[in-house]
Participant: 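Structure below; questions to follow.
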Amino acid sequence: MKTEDIEPFFATLKAANPQPNTELEYTSVFELLAAVLLSAQATDVGVNKATRRLFPVAGTPQAMLDLGLDGLQGYIKTIGLYPTKARNLMQTCRILVEQHGGQVPRTREALEALPGVGRKTANVVLNVAFGQPTMAVDTHIFRVSNRTGLAPGKNPLEVEKRLLERVPAQYAVDSHHWLILLGRYVCQARKPRCWECAVAPYCDYRPKTPAS
DNA sequence: ATCCCGAGGG
DNA sequence: CCCTCTGGAT
């Protein structure tokens, strides 16, 4: 993607969705952290389905601890990787209670010290909960950034650095959501819907089979 | 590089 | 059947 195309690329995405947000459902920063932790290699639809039952009975770290490991597993068994996620989430709750007064920490270091929280999850919390201009490079953003030529890279960290360099400051916070939504609904992994993509004029990718 | 793993779609 | 989904830890 040419540098001069980057501004219109994001302006176009903004025009279609002026105030983007995550599609994960939550009513507190703790619920956001828990939802993002559970969303690894899972769809947000599937996560919401589970958390709509879980959060009313475990909306705080202490309530989650009171629920117990087996109790928590019962709520999230429909989500992939659930044994690992249940264990990590319980340990994370224990750390929140014992070391952070039951609150979600606001620094990258403290967030990444939580079990099950890596760079991507920390970036989502810093962006969505605390308004910081981070780039959480997930499967969608990695694919979209490479396909379009916006910020190509061999691994997520490389893509993240290029995004931070290339995305105009005015779009720094919201661009995260636009790229996710673009990847989820248009620039899909298997069959990208280029024929109905609003930013196709700025994109490097050309489909081999000009779908329909 | 490999393992963790359920649901939905093609 | 196979692939994908807002990854993280080893």
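Lettering of chains follows the sequences in order, A, B, ..., and the numbering in each one begins at 1. Heavy-atom basis, side chains included; hydrogens, waters and symmetry copies ignored. Bear in mind the structure is a predicted one, so any value in this text is a computation, not a measurement.
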Participant: Between the base of C/dT6 and the side chain of A/T22, is one N or O donor paired with an acceptor at under 3.5 angstrom?
Facilitator: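 Result: at least one qualifying N/O pair found.
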
Participant: Would you check if the side chain of A/S28 reaches a backbone N or O of A/E31 as a donor-acceptor pair within less than 3.5 Å?
Facilitator: yes

Participant: Using modelled atom types and a 3.5 Å cut-off, is there a donor and acceptor pairing between side-chain atoms of A/S39 and backbone atoms of A/A42?
Facilitator: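 No, because the side chain of A/S39 does not come within donor-acceptor range (under 3.5 Å) of the backbone of A/A42.
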
Participant: Got a sec? Which of residues 74-92 of chain A come in under 4.0 Å of DNA chain C, heavy atoms?
Facilitator: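 Listed by number, they are A/L81.
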
Participant: So, does A/D44 use its side chain to make a donor-acceptor pair with the main chain of A/L24 at under 3.5 Å?
Facilitator: no

Participant: Do side-chain atoms of A/R193 reach the backbone of A/C187 as a donor and acceptor pair under 3.5 angstrom?
Facilitator: no

Participant: Output the single nucleotide from C/dC5, B/dG8, C/dT6 whose closest atom is nearest the side chain of A/R143.
Facilitator: C/dC5

Participant: Separation of A/R190 atom CZ from C/dC5 atom C1', in whole Å?
Facilitator: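 Rounded to the whole Å, the gap is 11 Å.
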
Participant: Roughly how far apart, to the nearest Å, are C/dT10 and B/dC5 at atom P?
Facilitator: 15 Å

Participant: Any donor and acceptor pair, going by atom type alone, linking the side chain of A/N146 with main-chain N or O of A/V159 inside 3.5 Å?
Facilitator: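 No, A/N146 side chain to A/V159 backbone: no donor-acceptor pair under 3.5 Å.
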
Participant: Between C/dT6 atom C1' and A/E31 atom CD, what is the distance in whole Å?
Facilitator: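 In whole Å, C/dT6 C1' and A/E31 CD are 18 Å from each other.
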
Participant: Tell me if a side-chain donor or acceptor on A/W178 pairs with a main-chain N or O of A/A11 at a distance below 3.5 Å.
Facilitator: no

Participant: For the C1' atoms, the ones on C/dA9 and on B/dA7, what distance do you get once it is rounded to whole angstrom?
Facilitator: 24 Å

Participant: Can you tell me the distance, in whole Å, between the CG atom of A/N48 and the P atom of C/dC5?
Facilitator: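 Value for this atom pair: 17 Å.
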
Participant: Taking the C1' atom in each of C/dC5 and B/dC4, what is the distance between them to the nearest angstrom?
Facilitator: 15 Å

